[in-house]
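To keep things clear, I will list the structure first and then write my remarks on it.
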Amino acid sequence: MEKPGNLIMVIFGASGDLTSRKLIPALFSLSVQKLLPGKFAVFGTGRTKMTDESFRAKMKESIFSFSEEKEISSIRADEFIRDLYYEPMDIAEPKSYRDLKNILDSLDKRYGTEGNIIFYLAVPPSGYQVIAENLAAAGLADESKGFRRFILEKPFGYDYESACSLNLLLHNLMKEEQIFRIDHYLGKETVQNLLVTRFANGIFEPLWNRNYIDRVEITSAESIGVSDRGSYYDSAGALRDMVQNHLLQMTGLTAMEPPSSLDPDAIRNEVLKVFQSFQPFNINEVEKQVIRGQYTASKIRGECITGYRFEKGVSRRSRTETYVAMKFYINNWRWGGVPFFVRTGKRLPTRVTEIVIHFKPTPHHLFLRNKEGIGGNQLILRIQPDEGILLKFDMKEPGSGFNVRNVAMDFHYKDLSDIRIPSAYERLLYDVMTGDSTLFSRDDEIETAWKFLSPVQKAWAERPEIKLYGYPAGTWGPESANSLIGGGNNTWRYPCRNMADEEVYCEL
Ligand code: BG6
């Protein structure tokens, strides 16, 4: 990997959590790998008053607390923080942007960064418009002296209409190529590996279609609750927070056609085509395809767990969903008739993200199944934790007769001892520096994803009779989610079934 060209990175929201937990540790890791530009400085701004020195000290602490580097040398951390700067700023005040321009001009001269600037908007979405408009008004979106790139955190919009208005607003101020909309799941190594598994191997692709695949299941489960993000989460919910972005992007990469090249637009065009082929939900029948739930209080291994409505920042009468399970179809030649099942939730028994491809059974059952009757072929792409790939198939049990047992062929990334999996932010920040937008959501992808979910959002808002199921914290969500899959031996895959297994990703 090459060093990116020289640049300054400006972080709005530099006193916040994202900066300390993710951005600075990721930049530090890039510096350890010598993947930061030769001439590079970070200018942070936020509401909190801090000096350069106090900002540097805070960031050094965050490197020690959150960096994924195995060993951190204090000398290296000191070298890194030397190029961090901070000034508080009122983002609503146009004059502050003229001051910002002066500061950036002088940093540019001092560092020789050739006018190249990346602006990271690590602020709540309500801040996007005012920051983008003021930066543009101060001439800071103008690319005549160097590139100007803008990174926007999710959620991008609140629904289809607001996402379209935000795109329109940004397009009036800058070009689409300048905008990098973050979906950190796309930065995960295992999500990118979906492309490699599918398109670098000859054995999967011939089977990857409606003729051989029975159904596809995508799960992103979390064992944590909303922690201290209650007030944000209560206005978002699982559909906006996880489904619209992370889960649909994983669906896109699982279902897309092979791109003609690795060009960012070639890949994103194929993902977009998947989104455009989603069979629209019928607003009057949403409850048949989408189940929502909210966690209630429970006791896990002796510890009392607060119900969602009693979390800090959450309304006691909240109707916000912390769990969503849905079934939908992709109407195209590859996938017509194959159901996709997608679910996500907080306070489930374990943290796991996985994509399960369930292959069709053999047309004729020659052999008796083992007593559980569970078998057949599944390809499981484990996104996290214990990243890897698992292929399940039936095998003869040793001994007389032809008894069949389901076994697994299992690959774990951790077995590649020479490989370190970079954090998602490390990869994404590096890509913005090099101007590679492959792993960022394009305007039309985001709008199409929101449009697909629009009937669900409308049905939930307009039809209060649609149930919001309670589920005790530490369980796999509402029972009714099983009805989506259809019963019999067809159930969701439960990577760990019992609460006693909580936090243990146990296979087999
Ligand atoms: C974020 C959501 O985008 O993804 C969070 O806002 C969620 O609510 C997080 O916890 C999950 O990310 P990861 O990488 O831990 O799976």
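Ligands are counted one by one from 1 in listed order, and the atoms in each one are counted from 1 as well. Note: hydrogens, waters and symmetry copies are ignored here, and every other heavy atom, side chains too, is used.
Cation-pi geometry between K188 and Y185 is met: under 6.0 angstrom from the ring centre, within 45 degrees of the axis.
Closest to atom 11 (C) of ligand 1 by heavy atom, among E222, K22, R229, is E222.
Aromatic ring centres of W476 and Y494: separated by under 6.0 Å. F278 and F340 have their aromatic ring centers separated by at least 6.0 angstrom.
Considering backbone and side-chain N/O of K154, one or more are found under 3.5 Å from N/O of ligand 1. Among the atoms of K188, some N or O lies under 3.5 angstrom from an N or O of ligand 1. Ligand 1 has an N or O atom lying under 3.5 Å from an N or O atom of Q384, backbone or side chain.
At least one heavy atom of D241 sits closer than 4.0 Å to an atom of ligand 1.
Screening E354, Q378, E217 against R493 for a side chain to side chain donor-acceptor pair (under 3.5 Å) leaves a single residue, E354.
Less than 4.0 angstrom separates some heavy atom of K346 from each of these atoms of ligand 1: 5 (C), 7 (C), 8 (O), 10 (O).
Looking from atom 16 (O) of ligand 1 to the surrounding protein, the closest heavy atom is Y185 OH, 2.5 Å. Nearest protein heavy-atom contact of atom 12 (O) of ligand 1 is H184 NE2, 3.1 Å.
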